[in-house]
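Just so you know, these numbers come straight off a predicted model, no measurement behind them. So that the names make sense, note that chain A is the first sequence line, chain B the second, and so on, each numbered from 1.
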Amino acid sequence: MADYDPKKIEKKWQLAWHRRQLHRAKDVSRKKKYYCLVEFPYPSGDGLHVGHIRSYTAMDVIARKRRAEGFETLYPIGWDSFGLPTENYAVKTGIHPKIVTRKNTDTFRRQLKSLGFSFDWKREVDTSSPAYYKWTQWIFLQMFKRGLAYKAKMAINWCPSCKIGLANEEVIDGRCERCGGLTEKREKEQWMIAITKYADRLLKDLDSVNYLERIKTQQRNWIGRSDGAEIDFPISEGGEKPNFLLLHGWTGRANKNFLPWLKKKLESEGFAVETPELPNTDKPTEEEQVTYVLKNCTIDANTIIVGHSLGAIVALKVLMRHNKPVRGLVLVAAAMDPDTNKEYKPFHKTFSWDFDFEKIKRLASSRLVISDLLETERIPYLKRMALKLEAPIAQATAKKEHFTAKEEPFLLQKLIPSISVFTTRPDTLFGATYLVLAPEHQIIEKLKRKIKNWPEVLKYIKASKAKKEMERMAEGREKTGVALSGVRAINPATKESITVFIADYVLAGYGTGAIMAVPAHDQRDFEFAKEFKLPIREAIEPLFNADDKGEDAIRKGLPFKERHAAVCIVKHWSEDKYIGLKWKKTDWRGFVVGGIEDGESLEDAGRREIAEETGYKNAKFVKKLGGIIHSQFYHPLKNENRWAKFQGLYFELENGEREEISAEENAIHEVLWLTRDEVEKFLNARDMRHFWQRLLRGDVVYTDKGIVANSGKFTGIPSEKAKLEIVKAVGGVEKVSYKLRDWVFSRQRYWGEPIPIIHCENCGTVAVPLKDLPVKLPDVKNFKPTESGESPLANVSTWINVKCPECGGKAKRETDVMPNWAGSSWYYLRYVDPQNKKKLADRKKLNHWMPVDWYNGGMEHTTLHLLYSRFWHKFLFDIGAVPGSEPYAKRTAHGLILAEGGEKMSKSKGNVVNPDDIIKMYGADTLRVYEMFMGPFDQAISWSSDSIIGARRFIEKVWKLSGKVAKKTPADRELESLVTTAVKKVGDDIEEMKFNTAVSHMMILVNEMDKRESIDVENYKTLLQLVAPFAPHAVEELWRIMKGKKSVHEAKWPRYDPKKVAKIAHRIIIQINGKLRDSIMVEADEAEQAEVVKKALARDTVRQWTEGKEVKRVIYVPKRLLNIVV
RNA sequence: GCCCGGGUGGCGGAACUGGUAUACGCGCAUGACUUAAAAUCAUGUCUCGAAAGAGUUGUGGGUUCGAUUCCCACCCCGGGCACCA
C-alpha cells in the first residue's frame, strides 16, 4: 500500500463529494432536521485565520456526526462583507471595495474548500450584495414604522481617527474597538434602534435557551436589570415654581367643583394659575379648543398643563402642537356620568387615543401624572395611557361624591418642584443625607437663577464635559463635586432639609440622572461624604446569617431566641495583642462574648464577661464599636436558634492581674493572645470580623441587607421587606432600570447598507417605499470620510437628491449607512432560503429549519452580534416574519488561538499562521486534527508548530494499520472492549465539545491496535468511522480501499453495546490508611467485599503493613478500591 | 472594585459522582536500523532517595478512611464590566 500523501487524496475527495452533492441540505426530507451554524467570516485581506478553522472544524465534526446519525443536516457558510477594513483599504488604494471584497471572498472560499468542510455551498449568502441587503433595509424600515428606529441628537462615542460613531459595545476601555484610538463624546444626530424596549425579554428568554452559562451571565450583566424605585425629593429652597394651565372638560359638576378646588389650593401655595374658558364646552370640537388655547394662553417651559376629562385630550393635543417641552403634564379623568354611572359617550367616541406617546413624554419631561378620581379599573383607558406614558397614577380618595375631591397629597406632591431619584435601596431612605445630580442633569439649567454659586457650578459642568473617557477613569475615581448653594431639597422620609450637589460620579444616562446619597450604606457616597464632610447616618443594622452549612447553620422550624450581648475586643497591657477565644466543643473562634443582664450597663456587662471568661481583672473601657449587629445562628451547645444583638466594645487591659478561671468556663473555651495578623486568620465568623474591621478602620460601610434602624416606624423591619413599604409611604413608584442603552445605528461611512430613508422639506422623515428597495450604494471614486463627520455619500449629489415619495417635492436621501452588525443580525435566516426574491425567507422553509440547533462562535460577540441578532429575531417574530422568538437553541463558544508567544496573532507582529502553509506541509486533515487536539476547545491556546507533527503521526498510524486488517482474527475480548469504550467516549466527547480527549481516545485505540499482529475488519472500520469527522479525506481513501462504493460519510454512526464496556476483570487498588500499597486483579463475578478483603489480606505486601495491627475499618468501593484502616 | 474562567511535569494538557494524580500528544534521553542524517521502531522520562520509602496538583487551613475534586481564607494569571445608585 502506498504511503500516506494528503496532496494526492484531499483534492480528489473534495471534488468527488462536491459532484455527489453529499453535503446539500434538502428542504424537504423525511429525516429529522439539524441546523448547525458557525459565525460567517468577514473576508479580510489577511485570509482565513487558524481561529476560523478551529470553530469550523468543530462544527464540521458535529455536522458530520449528525448526518451519520440520520439527520438532514444544514451546515451553511457565507460572507459578512461590509466593513471598515475593506473601506480603509479602498481609501488608501483607490480600488473599489466591491472589487476588494470579491477578491477576498474568492480567497476565503478557496481556503475553506481546501479544508474539506461539509458546507452546503449552494446556500452562500453575502451581506454586501444588493439582493441580500434589500432585506436588511426592509427589516430596518419595519422597525422605523413601528417607532423602534428613530433619529436623536445625543452624545455618542466618536472615534476621531476612524471618523465614525460607535455603539457602547464597540468601545473598549474608552478606546475604539477597531483602531485602538481614544474616543470622545460628541453630540450628533444619529439613527438609534430601541433595543432597550426588548431588554426585559432579552433577559427573561435566556432561561429558555441552552447557552453556555458564562454567555448567559455576560448577557445578563450587560443588560443589567436593577429593580428599584423612583422617589421624589421636593425642592425646599430655590425651586422655580411652575405656573399652571387648567383645562376643563364638559360643563358639569367636575368643572364646578374639582377645578376650582384645585385652583384655590394651588393659589394658596403661591402658584400662578390660568383657567381659560374653553369654547363650545357642551358640544366639544377639539380642534377649536386646541386652537383657542394655543392662541390665548401662555405656555412655556415652566408650565404644567392640567387637563380634566375632555381637557385631558385637549392638553395632549396642545402639547403636541406646541412642540416644545413644558414643565409637566397632569391628566385628570373623571369622565363618568354621575347619574348613569356610565362613561360619557363623546369622550369615548370622538377621540382617538393614537397619540405619539414617546413624543409627549419628551415634551413633558419633568412631571407626568395621571390622576384618577374614580376607581381606576373602571376607567381602563386611563390605565392604558398611564402605561404608555410610564406615568404614575394618583389614586382618588373621593367615592360617592367623586367630583368634590378631597385633598390629594400625592397629586400635589407630584406638582411641587422636586428632584426624582432612582434607587435600588429605598430601605435606606432615612439614611439619605444629601442629593447628587449628574452635571448634565436638565434641572440644573432650570434652577440656574437660584443657584448662587453659578459660575463655580458652570465651571464644574464644563470641566466634566471636557474630560475624555480615559481621563475620567485615570483619575482613580477620586470624588469631585460642587454643592448648589441656594438650592436645597427635603428628604421625604425624615422631612429634613438636605444639600444638593452636582458630581460626575453620578451618570446622566442611568436612572433619573440623580441619586439620593446614603453614605452609611454605599461605598461611593461614603467616599464623597468623607471628602465633603457630610453627615453619615446608619439606616441599616448589619445582619449576618449562618449559612446553611456548618454546625451552627440555622435549624429550620426552631424559633429564634433573642439576646442582647456584648462583644469585647481586649488589648494586651503592653503588647499589640488581642484576646481570642477558641471554643472547645464547636468550631467558633471569636472574641469575648456574653449576654447583658437586666439592669446592667453595657460597659459593666463587658467587664464582667472579660473577668469570667479570661480572668483578667483590670480592663479599661475605651470605646463602643458602632451600633448593633444582628447575628442569626444555631447554638449547638444550647440547642437553640439564636438571634443575637451584638454591641461591640473595645477594652484595654491596664495590667496582667488575673484570677483563676472557673473549671466550667475552662471547659468551654481557651484564651489566646493574638497579634493583629493572627486575629485576621483566627476569626471565622463574619459578625466577629465586622467588629474587628470597625476597630481597625473606624467607619465601615455596610452595603448588604439587614435590619432597618433609625427609621421611624420602619425601625426593626428586615430591610428587604421595608423596601416596598417605604416607597409607598413617600409616594414613590417602583421602577426597573437597565444598563443596556439604545443601539447607535448610524455610521458616517461608505461601505455599508444605505439607510433607506428620505428627508423631505414638507413631510419630514419618510421611509423609502418597499417597491424601491434595495437602495443601492452608488459608485463613487472617493471613499474618504469627511472632516465634518458626514458620510462620503453626502458628496454624491445625483444620488442624494430625490423626489419625496409622499408629496413629490424636493427631498434628500439619508447619507448614513448601517453598522456592520446589521447584515449579520439575520443572516442565519437567509441560509434557509438564500435566493428568495419576494421575502427574506419562505415561511415554510423557516418553519422547517428554524431555530438553529447549535451555534458556535466567539466569546467576543456575546454582547454584540449575539445580543443584536436575538433582538432582531424577536422583533421579526413580533411582526410575524419568523416562527419562534429565539433564533438559537444552543450556543457554545470556542477559545482564541494565540500566536506561539501567547500574543494575539497580527499582521504587524508578523506572527500570523497561514493555513495554506500548514496544508501544504502536512495536509488539511492534519491541520483539522491538530486544532481539535491542541487543547480544551473553549479555552484560549497558543499555536505550537512543534506539536502539529503529532496529529500527522496519528493519521499515518491509522493509515498504516490498514496493512494489518484481516478477515479472520483470533478472538480478542480486550480489544473488543476497547473499541466499544472508544465509540462511547468519542461520541460523548464530541457532544460535549471535548474534542481534545476525543482525539486522545482514538489515539489510545490506535496504539492498542498497533500492538496486535492483525486487526479484525469490523474493528478497523469502526475506528475509521470515529476518525472520519476529524480527518475526512484520509479516512475516505482508506474506507474506499476497504469497502468500495459508498462514502464513509454516508455510513451510520457506530453504536455500542453498553454491556461490552463493562470489563471482565478489574484492578482493585489496595490502600492501607489511605496510602497506595498494592493492587490485585479481581474477576467481575467474585467482586464481593468479603472475598476481596480475604484475598487482599492474604498478600505479603499487605501483611507487611497490617502485621500486629488491628483492622479498624474497611472501605470497599466496588471494582475500584479497598482501603484498610489499621 | 464587581462578575465569569483558570492555576497539575520541560511544554499543550488528562482525571467519571471524593477513590491508582500526571492519560494522550510534543519535547528530551538511550538503544535498534543506517556510512551518516531524517523518518521509523523499542525503552525511559514529576521530585528526593542506592533501595525500602517519602513528597508533590498556586499558598495556608478545614471536612474525610481517602481531596486536583468539597468548605474557608489568601496569592497569581486570563476574560468581561467598570462610579449603573
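- Every residue meeting the side-chain contact (heavy atoms from CB on, under 4.5 Å) condition with Lys582(A), not counting sequence neighbours, appears here in chain and number order: Arg589(A), Glu670(A), Leu672(A), Phe682(A).
- For Tyr738(A) and Trp222(A), the ring centers are positioned 6.0 Å apart or more.
- Separation of the P atoms belonging to U8(B) and G60(B) is 16 Å when rounded to the nearest angstrom.
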Q | Annotated protein contacts, base or backbone, on nucleotides 44-55 of chain B with a non-hydrogen cut-off under 4.0 Å, one of B, S, - each | A | ----------SS
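- Whole-Å rounding puts the Leu896(A) CG to G6(B) C1' distance at 15 Å.
- Separation of the P atoms belonging to U56(B) and U47(B) is 16 Å when rounded to the nearest angstrom.
- Summary of the strand contacts: Arg214(A) and Asp522(A) both lie near RNA chain B, and taking for each the nucleotide with the nearest heavy atom, the more 5' one is attributed to Arg214(A).
- Residues Leu740(A) and Leu867(A) are in side-chain contact: their nearest non-hydrogen atoms beyond the backbone lie under 4.5 Å apart.
- In this structure the side chain of Ile498(A) reaches within 4.5 angstrom of the side chain of Phe233(A), judged on heavy atoms.
- Residues that satisfy the ring pair (Phe, Tyr, Trp, His ring centres under 6.0 Å) test with His441(A), not counting sequence neighbours, are absent from this structure.
- Note: OH (Tyr1116(A)) to P (G66(B)) measures 21 Å, nearest angstrom.
- Asp938(A) and His894(A) share no donor-acceptor pair across their side chains, judged by distance under 3.5 Å alone.
- With rounding to the nearest 0.5 angstrom, the OG1 atom of Thr892(A) is 7.0 Å from the CD1 atom of Ile215(A).
- Comparing U45(B) with U22(B), their P atoms sit 12 Å apart, to the nearest whole Å.
- Between Ile1080(A) and Ile1070(A), some side-chain heavy-atom pair lies under the 4.5 Å cut-off.
- The side chain of Asn221(A) has C3(B) as its nearest neighbour among C83(B), U20(B), C3(B).
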Pairwise N/O distances under 3.5 Å, protein to nucleotides 25-29 of chain B:
from	atom 1	to	atom 2	distance (Å)
G25(B)	OP1	Asn1007(A)	ND2	3.1
C26(B)	OP1	Arg953(A)	NH1	2.5
G27(B)	OP2	Arg953(A)	NH1	3.4

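- Between G27(B) and C11(B), the distance separating the two P atoms is 15 Å to the nearest Å.
- The closest donor-acceptor contact from the side chain of Asn491(A) to the backbone of Ala432(A) lies under 3.5 Å.
- Residue whose closest nucleotide on RNA chain B sits further toward the 5' end, between Ile1069(A) and Asp525(A): Ile1069(A).
- Formation of a donor-acceptor pair under 3.5 Å by the Ser464(A) side chain with backbone atoms of Ile461(A) is found in this model.
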Q: Map every base of RNA chain B to its dot-bracket character, where paired means a Watson-Crick or G-U wobble contact with both distances under 3.5 Å and | marks a partner outside the strand.
A: (((((((..(((......[....)))((((((.......))))))(((....)))..(((((..]....))))))))))))....
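- At a threshold of 4.0 angstrom between heavy atoms, the contacts of Val1125(A) are confined to the sugar-phosphate backbone, with no base atom among them.
- Here the side chain of His861(A) pairs no donor or acceptor atom with the backbone of Leu866(A) at under 3.5 angstrom.
- Within 4.0 Å of Ile1115(A), counting heavy atoms only, lies at least one base atom of the nucleic acid.
- Considering only residues two or more places apart in sequence or on other chains, Asn996(A) meets the side-chain contact (heavy atoms from CB on, under 4.5 Å) condition with Pro936(A), Lys994(A).
- Annotation: C41(B) and C46(B) have their C1' atoms spaced 26 Å apart (nearest Å).
- Taking atom P on both nucleotides, G80(B) is separated from U43(B) by 46 Å, rounded to a whole Å.
- Within residues 426-434 of chain A, no residue has a heavy atom under 4.0 Å from RNA chain B.
- Note: CD1 (Ile1072(A)) to C1' (G19(B)) measures 15 Å, nearest angstrom.
- Within the 4.0 angstrom heavy-atom criterion, only backbone atoms of the sugar-phosphate kind lie near Ile941(A); the bases stay farther away.
- With A85(B), G19(B), C65(B) as the candidates, the nucleotide lying closest to the side chain of Arg1113(A) is C65(B).
- Atom P of U20(B) sits at a distance of 16 Å from the matching atom of C70(B), rounded to the whole Å.
- Side-chain N/O atoms of Tyr930(A) and Ser944(A) include no donor and acceptor closer than 3.5 Å.
- In this structure Thr926(A) satisfies the side chain to side chain donor-acceptor pair (under 3.5 Å) test with no other residue, sequence neighbours excluded.
- Residue side chain Lys479(A) reaches the base of C83(B) through a donor-acceptor N/O pair under 3.5 Å, judged by distance alone.
- Spacing between atom CE of Met932(A) and atom P of C24(B) amounts to 21 Å, rounded to whole angstrom units.
- What separates CD of Glu860(A) from P of G80(B) is a distance of 10 Å, to the nearest Å.
- Atom P of nucleotide G79(B) and atom NZ of Lys216(A) are separated by 25 Å, given to the nearest angstrom.
- Counting to the nearest Å, the C1' atom of A42(B) and the NZ atom of Lys1011(A) are 12 Å from each other.
- In summary, the aromatic rings of Tyr702(A) and His690(A) are positioned with their centroids under 6.0 Å apart.
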Check: protein-nucleotides 30-32 of chain B nitrogen or oxygen pairs below 3.5 Å:
none

What does the list of N/O pairs under 3.5 Å between the protein and nucleotides 14-18 of chain B look like, with a distance for each?
from	atom 1	to	atom 2	distance (Å)
A14(B)	OP1	Asn996(A)	ND2	3.1
C16(B)	O2	Arg1120(A)	NH2	3.2
C16(B)	N3	Arg1120(A)	NH2	2.5
C16(B)	N4	Arg1120(A)	NH1	3.3

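- Contact of the Met932(A) side chain with the Arg928(A) side chain is not registered, since no non-hydrogen atoms from C-beta on lie closer than 4.5 Å.
- Going from the C1' atom of G9(B) to that of G44(B) covers 15 Å, rounded to whole Å.
- For G9(B), the glycosidic angle deviates from 0 by 90° or less, giving a syn base.
- Among the heavy atoms of the strands lying under 4.0 Å from Gln1071(A) is at least one base atom, whether or not backbone atoms are also near.
- Residues passing the ring pair (Phe, Tyr, Trp, His ring centres under 6.0 Å) test with Phe528(A), sequence neighbours excluded: Tyr434(A), Phe501(A), Tyr505(A), Phe532(A).
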Which donor-acceptor pairs under 3.5 Å do side chains of residues 896-904 of chain A form with protein atoms, sequence neighbours excluded?
from	atom 1	to	atom 2	distance (Å)
Glu900(A)	OE2	Ser945(A)	N	3.4
Glu900(A)	OE2	Ser945(A)	OG	2.5

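- Side chains of Lys739(A) and Asn221(A): a donor-acceptor N/O pair is absent below 3.5 angstrom, by distance only.
- Looking at Thr433(A) and Thr499(A), their side chains never come closer than 4.5 Å, going by heavy atoms from C-beta outward.
- Put simply, Arg425(A) has no side-chain N or O that comes within less than 4.0 Å of OP1 or OP2 on A85(B).
- The backbone N or O of Val1126(A) lies less than 3.5 Å from a partner atom in the side chain of Asn1073(A), making a donor-acceptor pair.
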